[in-house]
Every structure is written in structure tokens, then in C-alpha cells.
Chemist: 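Sharing a structure here in C-alpha cells format.
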Number of protein chains: 2
Amino acid sequence: MKPGARNLITDVPGLKVGNAQDDRVKSGTTVVLADQPAVASVEVMGGAPGSRETDLLAPDKTVQGVDALVLSGGSAFGLDAASGVADALRAAGRGFAVGDVRVPIVPSAILFDMLNGGDKDWGSNPYRALGAAALETVGEDFALGTVGAGTGATTAELKGGLGSASLVLDSGHTVGALVAVNAFGSANVPGHPHFWAAPFEVGEEFGGLGPCPEAVPLTLPKNRTLEALNAKANTTIAIVATDAVLTKPQAQRMASVAHDGMARSLVPSHTPLDGDLVFSLAIGARPLEDPASDLMLLGHAGAVCLARAISRGVHAATPMAGDTLPTWTQEWA
Amino acid sequence: MKPGARNLITDVPGLKVGNAQDDRVKSGTTVVLADQPAVASVEVMGGAPGSRETDLLAPDKTVQGVDALVLSGGSAFGLDAASGVADALRAAGRGFAVGDVRVPIVPSAILFDMLNGGDKDWGSNPYRALGAAALETVGEDFALGTVGAGTGATTAELKGGLGSASLVLDSGHTVGALVAVNAFGSANVPGHPHFWAAPFEVGEEFGGLGPCPEAVPLTLPKNRTLEALNAKANTTIAIVATDAVLTKPQAQRMASVAHDGMARSLVPSHTPLDGDLVFSLAIGARPLEDPASDLMLLGHAGAVCLARAISRGVHAATPMAGDTLPTWTQEWA
């Protein structure tokens, strides 16, 4: 296994990513657009999720393909981003056909970035426009760090951000991950520049420092106080994607096991205050040769990609006015 | 946080553990007995679970306490172990009262150890008797490694085993984990003696080697071939327990986040061929002071205990006649 050409989720052919952000609000939105409706699923593992259109992803539900997935800041207000995306997709003729109406299927999840130093006293909800703006920018290349849904994201000690990574398997299948890292926990070992996910790093994609050489205390990062807990400024939301042909139940397994990537890159993760959630997306271009081993390898690759994407997102964050936390580069480079 | 006096799940007061095994069958059973009915929950994350009495653990279901939990080898045949435990508990007057009948509540999960070199050509199912025998041995001290449900367990490169670990939190709450490690993946970094969970090791409880100093290949252990896949010789089953007062929904969150401990100690974990499952158990002796932060810390501690317990179980395995894999000690000590 090695990364694809871009080391981004867009190494999966047929997927495009767009980002939009509002620096004053210190928040933003990320859209993943599938050229054709793609099989999708979701697994929610955190205790405080915020989402829309996730019920239709259950294996027994009728809709078999989604048009786009949206990750957004803004807590529950950010769910409006998907409305902006859905309206624009309808105008473009995309969507599930019901008679002569088309209903774009746009599952979405949000993160809480409402206490990050940005101006949240908006007159009208800005996320519908951010969703539409993100959709207008979709392409195969995009920046990591302080962009899109990662714009206002934070972790325990450092700014969070938007991350991505990919792997091409020996079977020829491509797997990619995209994530907005806004964790209660920490992607770096507290007090050290080293990332928890170091064993899974490819090259120097998040600094190349290797594992932390010192013994790691089991206590939590020092600023994870009750005050921080009550701020509930958390939630890591992600997408793992593949070009494989998957059924909805197979896609659900891929979303489920991808949470291992959060566990390996964020400590703690999946807390009662994180709405940690992973969507999976299968564009259906390359059949599985052996369903058992291929699905196992796709799931493993998704977990590894997500761990790397999380670390890359934190590593790539850049400073903005009014930040409440330093970036990894400010603190450690 | 530091381990309790025994560094075992029985550091949680009111819990006792018993083990029984059949060396010829190369399999066995582990029972956790609660002195009083305890709040319990479960989270299934693997693709191939085997279980009984897990539906009643859902938050909306009526029964609020379980008498015992059973982990067993024997694949679906091993579910009989819980029958032996239930009969013995009824004889002892334990169980959920329905009129003047008592029905012991004994949720159970099994692992697949049917291709491990043992003699599986039994005349009659041996697991009912193993369950009853395990219950007879319950106490606060017990051995780790090749005992009980870990007797016939394997991982990718090395024998698996029965593991346990505990932590006492600053709040005074105790958390413990118990696990039968029978993973498709590997608890050690493939080709190295170092454990994936090294960052979470306390002292030298599984060798004290620290993290693997070499770059880790992203490929899977070399013997994870299609043949191994088809053997489906997998599944890691665990219990995390605490003396805290938890509701069933709170216990469910603790079971869910404990899977992070599998992700951090087994690579890959939660594959389509692993029935990876975690029970949680709250004996209800010590109230939460702050539900948000205490539940978060209990969950984090459970995940850390489970990662350590998994590594300890593999580290403590001992050789038996007919083994198909070496123990950690045979290979690396």
C-alpha cells in the first residue's frame, strides 16, 4: 500500500472537494461531490453528534446513492450548509428522481466551533451560502489545515484543521480519507510535537518525527478542564472513500472500522462530548475480487488513511487573527 | 491514574473471575460474577459476532442488572457455557425474579478457536460443563495468558490469551478490563517484539520495550493470507468494568469508547472476520460527581485498560502441546 498521486481523498476517481470559509466567523464548510450517485453509509461513535440525512443511509432504507457529503462548522447552524448544496445541485439537475422532481441526497455532519474566537453574532445564518460557495470551488486539488470545515477547528492543545490522505492497495483499489479535526483529545502526545499516529505515517507527511521517545503519562492534556468540557468545543467528522463496488452493508462496515483511525490518532477520542462520526463513500468503479479479504483490506486502509489525515490536518493548520490556540507549527516547528 | 492493587478487573470491588479449560480441546471459558446484579451494556464493532442475551442490554429493555458475564472459546458451541453458569446461579438462588422463579441474566460472547490444533471431535458439547467449572473457581486472583477463554486463542503471529488490567482514577473510581485476545490482527508490531499499545504501558506490565523504533510497514502480518482469512479464526471479546454508578445508556457509552483500546492495541482490528465485542459492567458503588467529566474519564480509562489488557494477555501466553503458533516469550524473550 502506498499513497495515491495527490495523497488526498480525490485520488478516488469521480470525487471532487470544495471548501469555503468566513475568516471573521472563523468557520467554514467542506463539500465532497460525487460525479455519479455513490453508495454511502455512516457510523456514529461519539456521544454528541450533529447530522442530517443519516437515517437514509441505513442498509434497509431505499435510497442507494448520495450526490454529495457535507462537513461543516457551525454546530447545528452548520446543517444549513447542506441546504445550500442541495439547492445548487437541484439547479444542476442532480438528485434522486421522484416523478419529475429531483431531490439531491446530501448527508451532512457538523462540528462545534462556536467558542473559537470568531464573531458568531451573525445577522442571518451564513452556512447556506458557505455550502453553495464550497460547491462552486470543487476540484481534485485542495489545501489542508485552516480551510473549509477545518477553519475554526481546535484540539486539546493545538488548532485543528482539515486533513486528507490516501492509499492505493495491491488489489488496485484506492482508498482516501477526509476529516475536519475538532477533537476534545489531542493528535499530538500532550507536551510533545510527536503524533499518536506516528507508526502509520508515510514519509514526512506530518513532520516525520516518529513516535514519542518518552514515556507518555496516562493523564489527559492539561487544559481539558471542566471549563473546557462544558464548552463542548469538540467533534471530529470524517469521510472514507473508495473506488470499490460496495453494497450499503459493506459500506457500513468500512465506516465502522474507520473509527479505529480516530482511536489511533486522537487520545482520548469518542468521548461523550465528541460527535465523532465517519461517512463512507463507494463510487463503485472497481469490483471486489474476494469480498472477505478485499473488504478487510479496504477497511484497514480506511482506518490508516483516517489516522494519517487527522494528523495531517493538525500539522497543516495556519494562524489567524483571534486564535485561542497555537498551530502545531507555531508551537513546535 | 495508576493501576489498582492487583492490576486486574477484580480491583473493581464486588467482581470475581473464574476460569476453566480443557487442554485436549485447547479451549476454555471465563466467568465474571457480580456479587449483586450490575448495570451492563454492550457494543459490537466486529463483523462476525457470536453472542447471547445481548438484546436485553439495550437501554430501553427492562432488565437493569446482570448476574454474570461469560467469555468462551468454542465458537457458537461455546454459548453453552452460559447455560452451565445460569443453571448453577439458579441453584444458588441468583437471578431476575419473575413470580417465584429466578432467571439468572448471563450475557455471553464467544470466540472462534476451532482450528487451533485442539481436538474438536467431542462427543457432547463440553462448554456447559466448562461454564459451571469456571464459576466454581471464581475469586479475586486469577492467572493471565493461556487460561479460560484465552486458552485456545491466537493472533496473527503469536498465541493470544486472557488479559486484564486496571486503573484507579483521581476521582477514586476504579476501572478494570478483561479480554480474551483472539485477533485476526497483531498485538505486536509484525516482525518485532514491541506492542502497538506501548504508549499506554504502565511499568513493564507487558515487557517494557517501549514503541517500535523502526518504521512500521503498512502491509498486514505475513501470515494473514486468504487461507487464514477463510479459517475465520478470530474475535476479541472483552469486558470493561467500574465501581461507578452508571445508567444503562452511560454504560453503553463506556462499552462503545472501550473499542478504542482494541484499535490502539490490535492492528488491524474490527475486521469483517472479527466478532469484536465489548461488554461494560457498572457495579454502582460510587456515584459520579460530575456526569460529563467523570463519564469521559471512565471511558478513557476503560479504553486504556483494554489496550493494556490485550497486550498483557498476549505477553503472558504459555506453550501447550499441539500449538500452531509460538508464544510471545518463545518468539521474543
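Chain A is the first sequence line, chain B the second, and so forth, proteins listed ahead of strands; every chain is numbered from 1.
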Chemist: List the residues meeting side-chain hydrogen bond (donor to acceptor under 3.5 Å, both in side chains) with B:Asp243, not counting sequence neighbours, and say none if there are none.
Modeler: none

Chemist: Closest approach of A:Val257 and B:His270, non-hydrogen atoms and distance?
Modeler: CG2-O, 3.5 Å

Chemist: I need the minimum non-hydrogen distance between B:Pro211 and A:Cys212, along with the two atoms involved.
Modeler: CG-O, 4.0 Å

Chemist: What residue, out of B:Gly261, B:Ala307, B:Gly46, B:Gly299, has the most heavy-atom pairs lying under 4.5 Å from chain A?
Modeler: B:Gly46

Chemist: Under the side chain to side chain contact (heavy atoms under 4.5 Å, CB included) rule, what do A:His300 and B:Val267 come out as? Steps first, then yes or no, please.
Modeler: CA-CA 8 Å; A:His300 176 54; B:Val267 179; 3.5 Å; yes

Chemist: Answer with side chain, backbone, both or neither: which region of A:Val189 has an atom nearer than 4.5 Å to a non-hydrogen atom of chain B?
Modeler: neither

Chemist: With only heavy atoms counted, which part of A:Leu167 is less than 4.5 Å from chain B, the side chain, the backbone, both or neither?
Modeler: side chain

Chemist: Looking at CG of B:Asp260 and CZ of A:Arg264, how far apart are the two atoms once the value is rounded to the nearest 0.5 Å?
Modeler: 10.0 Å

Chemist: Measure A:Leu298 against the heavy atoms of chain B and call it side chain, backbone, both or neither at under 4.5 Å.
Modeler: neither

Chemist: How far apart are the closest heavy atoms of B:Met45 and A:Met45, and which atoms are they?
Modeler: SD-SD, 3.4 Å

Chemist: If I compare all heavy atoms of B:Pro268 with all of A:Met296, which pair ends up nearest, and what's the gap?
Modeler: CG-SD, 4.4 Å

